[in-house]
Amino acid sequence: MQRSHALRLVDQLRAASGPACTVTGDAASPSFEIPAERYRAAAWFERERPLFELPRIATVSSAIARGACLPLGTVLFVRDGDGVLRAFANSCRHRGTRLVAEPCAAKALVCPYHGWTYSLAGELMHVPHAEVFGGAEQGRNLRALPVAEHAGFVWLGGDPRPHLGELAGDLAALDAEDLVVYRASRTARRCNWKFLVEAFLDGYHLRTLHRDSIYRFFRDAASVAERVGPHIRAVTARRALDQPDPRLAATPSLFVFPATTIVEHPDFISVLTAHGRDAEHTDFEHLMLVPASRAGETEHWQKSWDLIDGAVFQAEDAWVCEEMQHGLDAGTETLLFGGLEHAVAWFHDALGSWRQSSAPMPKPQ
Ligand code: FES
Ligand SMILES: [Fe+2]
C-alpha cells in the first residue's frame, strides 16, 4: 500500500474509539443480509465464472527465470532464453496429457506420453511418426493464454492496469521486483469462492477465530477500509497502534477484485487467491513473498509460514469457510452481516456492478 494511504488510514484508526469500521465515502454501516443461494446455486456460479478471466496475480516475476517452466494449476508459464514470458494451457495438443508436472528448466517441452515436442514459444516442433496423422497434427501449437508482467508480478489475464485503476500505485509500492516466493500452497476447499474473499474483509473475527494464533498481535474489531473502484484498501489495528511505522502499527491489506487479497505482514507479504471451480469447490492459493535480500533466513521464514499458512490461513480462515458451507447445507436462507463487516457489502456491490456491465447471462435459479 502506498505509504500516504497507510498513514492516513492508520490516523483514522487512532482517532476511532471503540470498535472501528470506518468507511470512507459511505455514511452509516447498517446491517445487511445476503441470500445463501449466492453461495450454493450452480446457476449463480456460472454467472460469476467469467470473473476468473480478469487479470490476476499468478506469482512474482522472480519465480520464473530464463529457460524455466513453472506449472501452476492448469497453466504452464515459460520464460524463453530472451526473457519473454508466455503462458499456455498445460495440456498436450495430441491427447491432452498434462505437459509439465513440476518446475523445471527446459529447452523444449516434450510430452511424456508419445513425445510430441513444442518450442518454448509453444510451437509444435516434432511429432514422432507424423505421417500417420495425415497432416491433422499440423498447427496444433500450445494454446496461449494472455499474460503480462507488471509491478514485479506475473498477471494471468493480461495487462492489469486498466483493471487496477488507482490501486496500481498501491501494487507498485509493494516493491515486488525485490521479492521472492519463500513458499506457496494450493489447497482444494469445499466452499464457495466468495467465502475465501470475505474471510479477509473483516476484523470482527480476529478475537474468536484467531484467539490462539495471531489475536495476541491485534486489537479487537479495529479496522478501517475504503473503496478504490471495485477494490478495497484496509488497515487492521495491531496492539502496537502507537508505533510511528504504519506497517507495525497496523496490518495493511489490499483486496484486488474479484478474488485476490494481499496482506502486508510486518516483514513479509501474503498473496491469497481464490479460484472457483464450481459453486462449492475452490482452489485456494497462498504465496508467501519475502525480500530477496533476506531469502536465506529460512529458519525465521519457516516459523512465519507455519504460523500464517498452517495455523491461520488453512486451519482457521479456510477451515471456517468450509464450516460455513456445511452450515448452509442445513437449509440456511440468508447470512447476516453487521457494521464491522461492511466491506463485504462493498464486495457484493462490486459484483453487482460487474454483472450489470457484462453480457447478459442466464438468470440464477
Ligand atoms: S498426449 Fe501428448 S504426445 Fe500423446
Ligand atoms: Fe482471519
Side-chain angles (χ1 to χ4, degrees), residues 21 69 71 74 76 88-101 106 108-119 122-133 136-143 185 187 189 191 194-223 225 232 234-238 250-255 259-265 269-274 284 286 288 304 307-324 337 340-341 343-344 347:
C21 182
C69 304
T74 59
L76 175 62
F88 303 108
N90 191 2
S91 177
C92 179
R93 293 297 311 280
H94 177 216
R95 281 164 58 183
T97 305
R98 180 165 65 172
L99 207 51
V100 177
L109 304 166
V110 183
C111 179
Y113 200 170
H114 310 92
W116 282 35
T117 302
Y118 305 85
S119 73
E123 291 163 341
L124 181 60
M125 308 289 285
H126 175 66
V127 173
H129 302 294
E131 65 280 4
V132 300
F133 288 95
E137 81 292 0
Q138 285 172 18
R140 288 180 80 89
N141 301 325
L142 294 183
R143 188 158 62 84
S185 63
T187 55
R189 291 292 179 175
C191 64
K194 294 190 291 299
F195 284 149
L196 286 162
V197 168
E198 294 162 11
F200 304 100
L201 287 178
D202 77 78
Y204 180 38
H205 70 278
L206 273 161
R207 188 171 77 183
T208 303
L209 183 63
H210 300 311
R211 185 190 58 209
D212 300 324
S213 56
I214 50 167
Y215 178 55
R216 64 185 190 272
F217 303 125
F218 289 91
R219 301 196 177 194
D220 179 29
S223 65
I232 295 169
V235 296
T236 300
R238 298 179 72 89
T251 294
S253 59
L254 301 170
F255 166 62
T260 300
T261 306
I262 300 173
V263 183
E264 296 180 62
H265 309 284
I269 286 174
S270 288
V271 179
L272 300 149
T273 304
F284 178 50
H286 174 208
M288 176 175 163
S304 300
L307 174 65
I308 291 297
D309 186 77
V312 178
F313 293 158
Q314 305 297 341
E316 293 172 347
D317 290 310
W319 168 82
V320 90
C321 291
E322 293 184 329
E323 293 305 294
M324 293 176 76
F337 296 79
L340 294 171
E341 298 150 286
V344 176
F347 169 48

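Hydrogens, waters and symmetry mates are skipped; everything else that's a heavy atom, side chains included, is used. Just follow the structure's listing: the first ligand is 1, and inside any ligand the first atom is 1.
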**OP:** Give the minimum heavy-atom separation between Ala225 and Ile232, together with the two atoms involved.
**Re:** CB-CG2, 4.1 Å
**OP:** Taking the six-membered ring of Phe218 (Phe, Tyr or Trp), confirm whether the NZ or CZ of Arg238 is under 6.0 Å from its centre and within 45° of its axis.
**Re:** yes
Original post:
Quick check: does Asp317 put an N/O/S atom under 2.8 Å from the Fe ion (ligand 2)?
Top reply: yes
Original post:
For Phe284, does its backbone N or O pair with a side-chain atom of Arg189 as donor and acceptor, under 3.5 Å?
Top reply: no
**OP:** Test ring-ring contact (aromatic ring centres under 6.0 Å, His included) on Phe200 and Phe255 and set out the steps.
**Re:** CA-CA 8 Å; Phe200 304 100; Phe255 166 62; over 10 Å; no
Original post:
Hey, what do you get for OG (Ser185) to CG (Leu272), rounding to the nearest 0.5 Å?
Top reply: 8.0 Å
Original post:
For the atom pair CD (Glu316) and CG (Asp212), what is the distance rounded to the nearest 0.5 Å?
Top reply: 7.5 Å
Original post:
What's the NE2-the Fe ion (ligand 2)-NE2 angle here (His205, His210), rounded to 10 degrees?
Top reply: 100°
Original post:
Which protein N, O or S atoms lie under 2.8 Å from atom 2 (Fe) of ligand 1?
Top reply: Cys92 SG, Cys111 SG
Subject >> Min side-chain heavy-atom separation Leu209-Asp317 under 4.5 Å >> reply: yes
